[in-house]
Trainee: 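Attaching a single structure in structure tokens format; questions to follow.
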Amino acid sequence: MATDIYEGTKRWLVKRFTKNEKASAQHVTIYGPDNKPLKNVLGRSADHIVELPTKPPKPEDR
């Protein structure tokens, strides 16, 4: 189900940037039923939509 929501979010972002190329960047967090983030998506343009880590990396992993 999270994959379907993620794909739908990507489609929405593509349409948003196609409609208005000057639209600002958009960050979307998809939450699960336990209110914990499942996926973070960042869209900067129709060609630049990426999934971000849901948790910040630990200092030792940087």
Side-chain angles (χ1 to χ4, degrees):
M1 185 163 146
T3 303
D4 292 338
I5 296 169
Y6 173 68
E7 292 300 322
T9 301
K10 288 193 331 185
R11 283 192 304 273
W12 172 75
L13 286 167
V14 168
K15 286 180 187 178
R16 180 177 185 270
F17 289 115
T18 301
K19 198 180 218 184
N20 180 3
E21 291 181 10
K22 294 183 180 182
S24 60
Q26 184 74 42
H27 178 262
V28 178
T29 302
I30 300 169
Y31 291 91
D34 57 358
N35 289 329
K36 293 184 180 176
L38 297 176
K39 293 185 181 278
N40 286 312
V41 185
L42 175 63
R44 293 190 179 191
S45 71
D47 298 326
H48 185 189
I49 299 171
V50 295
E51 184 177 347
L52 301 173
T54 55
K55 294 181 181 178
K58 296 177 184 175
E60 61 268 12
D61 294 338
R62 292 183 188 175

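None of these values were measured; they are calculated from a predicted model. Scope of the values below: all heavy atoms of this structure, side chains included, with no hydrogens, waters or symmetry mates.
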Trainee: What's the shortest heavy-atom distance between R16 and A23, and which atoms?
Mentor: NH1-CB, 3.7 Å

Trainee: Where do A46 and V14 come nearest, in terms of heavy atoms and distance?
Mentor: O-CG2, 3.9 Å

Trainee: Return the set of residues passing salt bridge (charged side-chain N to carboxylate O under 4.0 Å, His left out) with E7 (not counting sequence neighbours), or none when no residue passes.
Mentor: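 Counting only residues at least two positions away or on another chain, E7 forms a salt bridge (charged side-chain N to carboxylate O under 4.0 Å, His left out) with K10.
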
Trainee: Between L52 and H27, is any pair of side-chain heavy atoms under 4.5 Å apart?
Mentor: yes

Trainee: Measuring from atom CD of Q26 to atom OG1 of T9, what distance do you get when rounded to the nearest 0.5 angstrom?
Mentor: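 The distance works out to 10.0 Å.
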
Trainee: Rounded to the nearest 0.5 Å, how far apart are NZ of K36 and CG of L38?
Mentor: 10.5 Å

Trainee: Out of curiosity, L13 CG to I49 CD1, how far, rounded to the nearest 0.5 Å?
Mentor: 4.5 Å

Trainee: How far apart are the C-alpha atoms of N40 and T54, what are their side-chain angles, what is the distance that settles it, and do they pass the side-chain hydrogen bond (donor to acceptor under 3.5 Å, both in side chains) test?
Mentor: CA-CA 6 Å; N40 286 312; T54 55; 5.4 Å; no

Trainee: Taking everything shown except R44 itself, do over 12 heavy atoms lie less than 6.0 Å from its CZ?
Mentor: no

